[in-house]
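Shown next, in C-alpha cells, is the structure this report addresses.
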Amino acid sequence: MSPVVVLDDVTIRYAASPRPALRSASVVVEEGELALLVGRTGSGKSTLLGTISGRVPHFTGGHLSGRVTVAGLDTRTHRPRDLAGIVGVVAQDPMAGFVTDTVEEELAYTLEQLAVDPPTMRRRVEEVLDLMGIAELRDAPLRDLSGGEQQRVAIGAVLTAGPRLLVLDEPTSALDPVGAQDVLATVTRLVHDLGLTVVMSEHRLERVAGLADTVLAVAEDGTVRQGEPRSVFADLALAPPVVELGRVAGWQPLPLTVREARRAATDLRDQLVTTVTLSPETATPPTHLADGTDQGAHPTAGLTATASAHAPTTALQATGVTVRHGEVDAVRGIDLSLAGGEVVALMGRNGSGKSSLLWALHGSGPRTGGEVLVTTPDGSHTDPADAAPRTRRRLVGLVPQSAPDLLYLDTVAAECAQSDHESAATTGTTRALLDRLAPGIPGAQHPRDLSEGQQLALVLAIQLATTPPVLLLDEPTRGLDHPGKEALATLLAHLTTDGHAVALATHDVEFAATVADRVVVLSRGHVVTDGPAREVLTESPEFAPQVAAVLAPVPLLTVAEVAACLTTPPVEVSDDPAAVSDYLEPDGRGAR
Amino acid sequence: MSRWLARVVPAILLAGAGGFAVPVGSADAAACSGTSGVNVVIDYGSSTTVSCAPGDPSSAMAALKSVASVVSPQRYPGTVVCRINGIPASDPCVQMPPANAYWAFYHAPAGGSWTYSNVGVAGYNPAPGSSIGFAFGAGARPSVAPPASAPKPSPKPNPSSSRPKPPAPPAPKGTASSPKPKASSTAGTPGAPRGSASAGSGAGSTPKVTVLPNGKTSTLAPTSSTTSSTTTSATTTSGTSTTTTDGATTQGSGDGGGQAMAPTSQPADGSGSNAPFWAGVGLVVLIGAAAAYLARRRRAQH
Amino acid sequence: MAGRITPLPRHLHPVAWWVWAIGLAVAVSRTTNPLLLGLGIGVAALVVSAKRGSSPWARAFGLYLWLGVFIVAVRVVLHVLVGYKFGTHRLWTLPSVDLPGITLLGPVHLEGLLAAAVEGLRLASIIVCIGAANALANPKRLLRALPGALHEVGTAVVIAVTVAPQLAESVQRVRRARVLRGDGGTGLRSVGRVALPVLQDTLDRSLLLASAMDSRGYGRRVEQPPAARRLTGALTLVGLAGAAVGTYGLLDGTAPAATGAPMLVGGLALCALGLWVGGRSVRRTVYRRDRWGGPEWLVAASGVVAAVAMFAQQHRDPMALVLPVDPIGLPALPLLVVGGLLVAALPAFLAPDPPRPRREVRG
C-alpha cells in the first residue's frame, strides 16, 4: 500500500524570514501509523503539519520547493478544501475551529460541505457520536463543553468525513490531565481499531511517546529527522522523563512507557531503596539537606540553604475564601497560607476553582467571602482587595493564563520603560529583571514576536518590578516547550531564593514535580489534599510524575534527583526538587 | 417629581375624560401693517387668503396656527401640516401627506419673493414683516406674491382689503371630495369653514372661526377654557358632534370627517367610556405578567 | 393536561419564527397607540418565555428589552434637548439656547413629550420583535435555510455574529489583565491599551477559524465557465435594481403603476433566477434539514394575522391606531387589532417546546 504522506525534499521559505522554516525535509508516513512530531516551539513543527494539510503554502503563503503527496494527491494542485475528505485537521484550541454551535451540527459540517447525501450523513454522524463517546452531548452548545469534550468533538467533526489521515496540532495542550487522557485514549483507539493514519505534534511527550510508531524530529534549523521512537529519542534533547531515566540508567532498549520502564527498573529500584534514606516520620518524609556538612558536598546545598534561611514567614494568609460566579460556587471556603520562599502548586481538573482562587487571592477577581491578608514588607497585614490596583501590585503579582494580554506596546524596551513608570521603580529595573529571567532579548523587538517563554519572562519581569512578596501564576507552562519550562523552573528557584512566595496553578505534573515544595489539590472548590509535593505527588496515581510511577515506592520525582542519587550516593533527598534540578541542569542535560 | 406628576396626571386624565378643544386663535385677516407680524398666505388652490399673525411668532407653525385651524398627521404631531382649515378633507392625516397633494411651505423676506423652505414649518422662525406661504398641491408656490406690508402703515387693517373674496376653500365633502381642492371650489356648502366664520362673528371683519364647542366638552375641559375655546368650524356648523361612541367607530363621514378633531373615543357622557382604555391596560399587564411568570419559572428550573 | 396531546419537543423551522416575528413587527410599526405597542411587546415576551431554547442566543432577549427601554429614554431626552416642543400643556421650562437653525432645550410640553415617548416605544417594539425572533430561532439555523448561492455569504455572517461574544470575552480578559498592571482599567486612556491586545486576539482567532474552515471543505465549488458567472452577476444585479425600483414605486403613491408591483415581482424573479444559476456551482447538502409542518404554518400564520389585522384596522379607522396628542386624548382600543395580536400570542401555547439539552453542562 502506498504511503499516506510523502514529503520529498521539501523546503519551505516564508518571505519575511531569512532562513527556511523547513529545510530539505523528506518524510514518509505509512498507512496506519501514528507519527509523532517533536521539536521546540517555533522550530517548524506547525509548518510541517500545515504542509501535510495543504495549508502551507495555500493559506499561509510562502515558497515551497520539493513535492508533498497526501494519499497520492499533490498539495501543489489540491487546496486544503479539496483535501477535506482525505485529511482531517484538528487544531490546538478546539473552540477556535468550531464553525457551528452545537455538537451535532459541528459533526455534520464537513459532510455538508462535501455534499454527502443526507441519509449517509445521518448515519455517519451517529457512528461518530458513538465512536467518540459524545452521544449524550449531541444537542449541547459547544461553548458549554469542557476542554476534553470540545477536543473530542473537534476530532469527531473531522472523522465524519472518513479521512485517511488525521493531523493533530498539540491536541492536549489546553486540557487538564483527565481531558488529555480522554483525547489520547480516543486517538489511540482510532489508530488501533480503525487503522487511521495520524500525524500529531505534542509538547508533553510523556503522554504520547509510547503511542508513536514513528517520530519526526524537527530541528531548529528546519531539518527533519525521521526514525523509530527508540532510536530518535536515544539522543534527542527533547525526551519524556521515562526516556531520560532510561538514558541515565543506561537501559537497553530504551523504555518509552511507564510500563516498559517499570519492568526495566527492578534493579534500579532495589539500589535506590537502599541508598535513598527516608526518615520514618510521615509528616515530612523527605528530610532536609540542612546540615553544614552536606553543603560542602553538594553545590545544591547553597541554594537550599539560602531558601531555608528565610524563616517560614507567612507571606499570605487566606481564610474561608469563597468565590461565586453567578450560580456556580467556584471556590467554597478555602484556607491557604503561603510562606516566603515557598512554591505551592495548585492542581485539580478544569473548573476545580484554581484560577478563581488565584484571582481571589490577588484581590482583583471576585471574592464572595473570606479574608485574604498579605504580609507587607514592613510587617503589617493588608487585604489586597482593599488596595487600589497600583498598591495591590506591590503586595501581590499575578500572571494570568494568557500572559500576553498584559503587553500592549510595540517594543520590549517600551514595555520595560512603561513598567518602570507604572511601578515607580528606578529606570532599568524591569529590564534588569528581564535580563535575569531571559537574557538577550533585543529591546527593539515587538513583544508579539517573542516566543511564549520570552513573553512569559517579560510579563514576569513587569509583574516583579514592584517586588511583591507574593507571586501568583496561572498555568504558566501552557505553550512552553521543555527548555522553556526548565528556564521557568530556574526562574522560580531564583524567586524563592529572594524570599518570594509563589503559588502556581498547573496541570503539568512533571513541572509541578520539578518546582513545587507543596501541592494543594482542589476539587469542586474544596481543598482535597494539601501537603509536601513529594508526598502528594508520589501517593496520587493521577498526579504521579513518570519517574515516581516507575520508581514507586522510592519517593523520587524527577530524573535529576535520580541522577543525583546515582552519582553521589548515599544521599538524603531534599524536598526542594527545584533546587536539585537547578543545580543538576548543566551536566544532567549536557546533551542539549 | 411630584409637582411634575401633579401637572401631568390631571392633564392626562382630563384629556382622557373629555378631550380638548383645539384653541384656534382668531385670524387677523389681511396682511400686516408695518414690520410687526408675519404675513400668512394660504393658497387653497381655488382661493387664496392672506392674513397677519400678530407679534413675532416663534415659528411658522405658530404663525399659521394663530390664523387658521391646523391639523397635523397623527404620526408627526405638531411638526407637519396636513390640513389647514379643513383642507384637504380626503387625507386621513395619519401618515405623511402624499407628494402630489400636500401643503407646500414657502417663505419670503419683506419685499422679497417666495422661496421653497428647506426648513420645516415647525423649525422655521419667520422674521417680523416677512411672509410665509402655504400652497396646497404638488409643491407649487402660492399663486399670489408675498404681500408687501411695508407701504401700508394704516393703523386699521381694513377687512378683506387684500382678499377679493372670503376664501372659500372647497367644501370637505367627505367621501366625495377629491384630493384636488379645486374640484368644488364654488360649492360653498354649509360645511365650509369660511361660511361659519363669517356667520359666527360678523362684528369682526376677520373671519373668525370661533365656534362653540359642545357644552359638555367645554365644561369637561376647563384647562383649555382660558381663551375662546373653539373647536373646528365643521363641527359646529353642521351641528353634529364628532363624538364617537368608541374608538373603533369612525367619525361620521361628510361634515364631521372634515376636521381633524381628536380621533379618539370622546366620551358621550363623562363616565364609562374609559372602560376600553382600562381594559387595554389590564390586558397589557396581564400578558406582561404571564410572560414574567413563565420566564421566572424557567429560571427556577435551571 | 390529561388527554391533551402535546407535540413532541423539537426546533421549529427558523423561518416560521421569523415570519411570526416580522408579522408582529410590521403590526406594531403601524401604530403609535401605546396600548397596542404594549400588547405587542407583551405578546413577544410571552412567546419567548414560553418557547425559547437554551442556547446563548435565547438568553439574550432580556437585553433587547433593555435596549427598548434605552431607545425610549433616548427619544425622550432628544425631544427635551432638540425636539420641536409643541403643545399647550407646559410641564416645565428650561432655558432655551438658540443656535443657528436649531433651538436647544426650551419649554417642554406634555404633548410633545408623549409623542416622542410613543415614537420611541414604537421603535422599541419593533426591536423587541426582532429580538424575539433571535431568541426563538437561532440565526445560524435560519442561514442554513438559505439557497445554495448565498451559503458562503451566510457562513461569513454566522462567523461575524459569533465573533461578537468572543470579542466581549477578550475585552473582559484584557481589562482584567490591565488591572494587574495597576491600571484602573477605565477611562479613555485605557481604550488603546485594551484595544490593541483585543484586536490582535481577534485577528489571530479569525485566521485560525478561516484555515480550519478551509480544511473542512468550506468554499468547495464546481468550476463555472466565466459566461455563467457573468450571467449570475447580471441577473442578480438587474433583479436587485428592479426590486428596488419596484419597492419605491409601491411606496410612492405618485409613481406610475407600472413601476410598482410588476417591477418588484420581476426584480425578485430575476434575483431568484440569478441565485439558482449561481447555486448550481455549489455542491453541498444540508444535515437534518428543518421540516416545515403544521406547527410552522400555525406560527407563521399567527404573525401574519396580526399584521393583516393591523392593516385592516388602518383601512377602517386609522385614528384608532394612534395616540392622540394634538390634542391630547386617551388611546382607543381597536378590538380587531387586539384580536390579531392575541392570535400572535397563540404560539406560546400551541407550538412544540424546544428540545432540552440532555445534560446540564458545566457552567
Side-chain angles (χ1 to χ4, degrees), chain A residues 53-55 59 79-85 87 89 91 93 96-97 99-101 105 108-118 121-122 125 136-137 139-141 143-146 157-158 325-328 351 362 364 389-390 392-393 398 400 402 404-408 422-423 448 462-463, chain C residues 54-57 138 140-141 144 155 158-159 162 165-166 170 173-185 192-198 200-201 204-205 207-220 282-289 355-363:
Chain A
S53 64
R55 287 181 190 179
F59 192 81
R79 293 165 299 174
R81 64 191 78 160
D82 304 320
L83 297 171
V87 185
V89 185
D93 177 7
V99 186
T100 64
D101 54 8
E105 288 171 9
Y109 182 80
T110 314
L111 296 177
E112 291 182 335
Q113 304 307 311
L114 299 179
V116 176
D117 63 291
M121 195 148 45
R122 188 74 201 267
V125 168
E136 81 276 18
L137 303 175
D139 293 323
R143 297 181 69 83
D144 291 355
L145 301 181
S146 73
V158 298
H325 296 298
E327 287 164 21
V328 182
H362 180 262
S364 54
R390 271 167 194 275
R392 195 185 298 152
R393 282 193 67 200
L398 173 61
S402 48
D405 286 347
L406 264 72
L407 307 174
Y408 63 97
E422 283 169 351
S423 51
R448 294 268 163 183
I462 290 170
Q463 290 301 68
Chain C
S54 53
S55 66
W57 296 108
N138 188 333
K140 294 190 182 183
R141 290 187 77 84
R144 282 157 61 91
T155 311
V158 165
I159 288 163
T162 317
Q166 290 176 349
S170 295
R173 215 187 59 232
V174 171
R175 281 189 57 178
R176 265 160 65 123
R178 292 302 314 156
V179 175
L180 295 183
R181 281 187 77 165
D183 204 338
R193 297 172 185 181
V194 171
L196 192 75
V198 167
Q200 197 98 33
D201 205 54
D204 289 349
R205 244 187 241 268
L207 284 175
L208 278 177
L209 183 60
S211 84
M213 290 172 61
D214 199 16
S215 288
R216 294 179 64 189
Y218 173 72
R220 272 160 83 114
V282 178
R283 287 185 59 243
R284 70 183 284 280
T285 47
V286 177
Y287 176 73
R288 299 183 76 178
R289 190 181 280 282
R356 299 256 182 275
R358 213 144 311 164
R359 191 192 70 154
E360 277 304 317
V361 279
R362 76 188 170 87

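So you know, we letter chains A, B, ... as the sequences are listed, proteins then strands, and number each from 1.
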Chain C heavy atoms under 4.5 Å from [X]: which part of the residue, side chain, backbone, both or neither?
| X | value |
| --- | --- |
| H362(A) | side chain |
| A96(A) | both |
| S402(A) | side chain |
| I462(A) | side chain |
| V89(A) | side chain |

message = One pair to check against side chain to side chain contact (heavy atoms under 4.5 Å, CB included): V179(C) and R392(A). What are the steps and the verdict?
response = CA-CA 9 Å; V179(C) 175; R392(A) 195 185 298 152; 3.6 Å; yes
Okay, side chain of T285(C), backbone of D117(A): is any donor-acceptor separation there less than 3.5 Å?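 No, the answer is negative, given that no donor and acceptor are paired below the 3.5 Å cut-off.
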Any sub-3.5 Å donor-acceptor pair from E112(A)'s side-chain atoms to V286(C)'s backbone N or O?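 Pair absent, no side-chain N/O of E112(A) close to backbone of V286(C).
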For the [atom1] atom of [X] and the [atom2] atom of [Y], what is their distance to the nearest 0.5 Å?
| X | Y | atom1 | atom2 | value |
| --- | --- | --- | --- | --- |
| R55(A) | S215(C) | CZ | OG | 3.5 Å |
| R176(C) | L398(A) | CZ | CG | 8.5 Å |
| D204(C) | D93(A) | CG | CG | 11.5 Å |
| Y287(C) | R122(A) | OH | CZ | 5.0 Å |
| Y408(A) | L196(C) | OH | CG | 10.0 Å |

Do you know the tightest heavy-atom contact between [X] and [Y]?
| X | Y | value |
| --- | --- | --- |
| Q113(A) | Y218(C) | OE1-CA, 3.7 Å |
| T110(A) | R216(C) | OG1-NE, 3.0 Å |
| A84(A) | G217(C) | CB-N, 3.4 Å |
| L407(A) | R181(C) | CA-NH1, 4.4 Å |

Not counting sequence neighbours, which residues clear salt bridge (Lys or Arg N to Asp or Glu O under 4.0 Å) with R173(C)? List them please.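 R173(C) satisfies salt bridge (Lys or Arg N to Asp or Glu O under 4.0 Å) with D405(A), D201(C) only.
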Hits for salt bridge (Lys or Arg N to Asp or Glu O under 4.0 Å) against R393(A), two or more places apart or cross-chain, chain-then-number order -> E422(A)
(Q) I'd like to verify something: which residue of Q200(C), M213(C), R205(C) has the highest number of heavy-atom pairs under 4.5 Å with chain A? (A)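 Greatest number of close heavy-atom pairs with chain A: Q200(C).
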Is the closest side-chain heavy-atom distance between S364(A) and L180(C) below 4.5 Å?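 Of all side-chain heavy-atom pairs linking L180(C) with S364(A), at least one is under 4.5 Å.
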